[in-house]
Amino acid sequence: MFVIPCPFCGPREEAEFSYRGDATAQRPPADAPVQAFADFVYARKNPRGWHVEWWQHVGGCRQFVKVLRHTMTHEIGGSAPATGSLDVPPS
Ligand SMILES: [Zn+2]
């Protein structure tokens with residue numbers, strides 16, 4: 001169990017949140033080949049170290065937030081609203 005600092009509600013238990021995926025994946029342009037869209041939807045990296053992720057605060061404000069989490073230690077490096085950005089430290 002770890003604590004995620006919601007930018008709207010403050011620090012809350014991870015149980016109040018739902019993981020929503022990789023926040024670094026970029027949607028391909030509209031004229032990209034089908035395989036690029038398939039990779040965008042289905043192919044996921046399994047990074048080791050700091051990673052920016054989407055989390056939804058389903059037990060609170062229901063907002064989507066970006067969370068910087070270390071995938072090995074579950075340490076939280078920060079959070080930001082969906083339109084914000086997070087600086088990823090070197091792993
Ligand atoms: Zn919240």
Side-chain angles (χ1 to χ4, degrees):
M1 186 73 66
F2 50 91
V3 174
I4 295 175
C6 176
F8 306 101
C9 307
R12 296 290 193 272
E13 295 282 334
E14 170 232 343
E16 291 188 13
F17 292 82
S18 178
Y19 176 77
R20 295 299 186 178
D22 181 356
T24 63
Q26 296 292 315
R27 184 184 177 91
D31 59 348
V34 171
Q35 187 60 48
F37 282 97
D39 290 346
F40 171 70
V41 173
Y42 297 110
R44 291 289 176 249
K45 298 173 188 165
N46 189 17
R48 178 180 182 162
W50 290 104
H51 191 235
V52 179
E53 303 168 330
W54 287 116
W55 288 78
Q56 185 182 14
H57 194 184
V58 294
C61 62
R62 304 198 57 80
Q63 295 290 313
F64 278 79
V65 297
K66 290 179 182 174
V67 175
L68 178 63
R69 182 179 66 91
H70 196 284
T71 58
M72 297 297 290
T73 63
H74 296 298
E75 181 183 354
I76 301 297
S79 65
T83 56
S85 62
L86 293 167
D87 293 328
V88 179
S91 292

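Atoms within each ligand, like the ligands themselves, are counted from 1 in listed order.
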Quiz item: Within a radius below 2.8 Å of the Zn ion (ligand 1), how many protein N, O or S atoms are present?
Solution: 4

Exercise. Taking the side chain as every heavy atom from C-beta outward, state whether Phe8 and Pro81 have any atom pair closer than 4.5 Å.
Key: yes

Practice problem: Classify the ring geometry between Trp54 and Phe64 as parallel (under 30°), tilted (30 to 60°) or perpendicular (over 60°). | Solution: perpendicular

Practice problem: Run through Glu14, Glu53, His51 and flag the one making a side chain to side chain donor-acceptor pair (under 3.5 Å) with Arg69. | Solution: Glu53

Quiz item: Would you say the side chain of Pro89 lies within less than 4.5 Å of the side chain of Leu68, judging by non-hydrogen atoms?
Solution: yes

Quiz prompt | Worked verdict on Phe2 versus Glu75 for side chain to side chain contact (heavy atoms under 4.5 Å, CB included) | solution = CA-CA 8 Å; Phe2 50 91; Glu75 181 183 354; over 6 Å; no

Quiz item: Is any side-chain heavy atom of Ile76 less than 4.5 Å from a side-chain heavy atom of Val3?
Solution: no

